[in-house]
Trainee: 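My questions all concern the structure below.
Just the heavy atoms: all of them, side chains too, but no hydrogens, waters or symmetry mates, feed the values below.
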Amino acid sequence: MADTETLRSILTVGAPAPAGHYSQAIVASGHVYIAGQLPIRPDGTALVDSDFEAQARQAIENMLAILAAAGGTPQQLAKVTAYIVGVANWPRFNAVYAAMLPDVRPARTVVPVPELHYGLLVEIDAIAVLPV
């Protein structure tokens, strides 16, 4: 297990502040562990009434803002997990994801779920590896 002195918490105004007892991300031993990001604007506005595509874009934008604050780039993403409400949204998620990250292909898991917090439709977490 990593020594706590090697852990660095990330907090950026480019993504919504944590709504609970967690960090936006933790950097440990050159890895960035990004907490689940919902489609909530940095000012705290949840996109509950927005369509799936807008929600997916916002969640990805939040993930990328946190990654940038940690000193990373999309090319350093190693693993992305997306939780989407309804398997029917999978192609829609894939289209938004591919448009926003056209040259990046980390390992990825898409998990259809029955519901997410606040009635939102997508949540994304990720792991990135920073250069040595």
Trainee: Supply the atom-to-atom distance Y83 OH to D125 CG, rounded to the nearest 0.5 angstrom.
Mentor: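 The CG atom of D125 is 4.5 Å from OH of Y83, to the nearest 0.5 Å.
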Trainee: Got L121 and F93 here, is their nearest side-chain heavy-atom distance under 4.5 Å?
Mentor: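 A side-chain contact is absent here, since even the closest heavy-atom pair is not under 4.5 Å.
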Trainee: Nearest heavy-atom pair of V13 and P42: which atoms, and what distance?
Mentor: O-CB, 3.3 Å
Trainee: Hey, are the side chains of N94 and R108 touching, using non-hydrogen atoms and a 4.5 Å cut-off?
Mentor: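 Yes. Closest side-chain heavy atoms under 4.5 Å.
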Trainee: Taking atom CG as the centre, does D43 end up with more than 12 heavy-atom neighbours from other residues, nucleotides or ligands that are less than 6.0 angstrom away?
Mentor: yes
Trainee: To the closest 0.5 Å, what do you measure between OH (Y97) and CZ (R105)?
Mentor: 9.5 Å
Trainee: Locate the shortest heavy-atom distance separating N62 from L38; write the atom from each residue and the value.
Mentor: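 The pair with the smallest heavy-atom distance is ND2-O, 2.9 Å.
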Trainee: Please give me the minimum heavy-atom distance between P114 and V85, naming the atom from each residue.
Mentor: O-CG1, 3.6 Å
Trainee: Could you tell me the separation between the CD1 atom of I124 and the OG1 atom of T81, rounded to the nearest 0.5 Å?
Mentor: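 If we round to the nearest 0.5 Å, I124:CD1 and T81:OG1 are 10.0 Å apart.
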Trainee: Please report the interatomic distance CZ(R57) to CG(L47), rounded to the nearest 0.5 Å.
Mentor: 10.0 Å
Trainee: Find out whether V104 and T73 are in side-chain contact, i.e. whether some heavy atom of one side chain is under 4.5 Å from a heavy atom of the other.
Mentor: no
Trainee: Which heavy atom in P39 sits nearest to a heavy atom in V122, and how many Å separate them?
Mentor: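 P39 and V122 have their closest heavy atoms at CD-O, 2.9 Å.
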Trainee: Answer whether the closest heavy-atom distance between the side chains of I127 and I34 falls below 4.5 Å.
Mentor: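 No; the side chains remain at least 4.5 Å from each other.
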Trainee: Would you say the side chain of V96 lies within less than 4.5 Å of the side chain of F52, judging by non-hydrogen atoms?
Mentor: no
Trainee: Return yes if some donor-acceptor pair links the side-chain N/O of Q55 with the main-chain N/O of S50 below 3.5 Å, else return no.
Mentor: yes
Trainee: Measure across A35 and S23 and return the closest heavy-atom pair with its distance rounded to 0.1 Å.
Mentor: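 Nearest heavy atoms, A35 then S23: CB-O, 3.3 Å.
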Trainee: Return yes if some donor-acceptor pair links the side-chain N/O of E115 with the main-chain N/O of V113 below 3.5 Å, else return no.
Mentor: no
Trainee: Does atom CD of Q75 have more than 12 heavy-atom neighbours, drawn from other residues, nucleotides or ligands, at distances under 6.0 Å?
Mentor: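 Yes, the 6.0 Å shell around CD holds more than 12 heavy atoms from other groups.
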Trainee: Give the minimum heavy-atom separation between I66 and Q24, together with the two atoms involved.
Mentor: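 Closest heavy-atom pair between I66 and Q24: CD1-CB, 3.7 Å.
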Trainee: Any non-hydrogen side-chain atom of P18 less than 4.5 Å from a side-chain atom of L11?
Mentor: yes
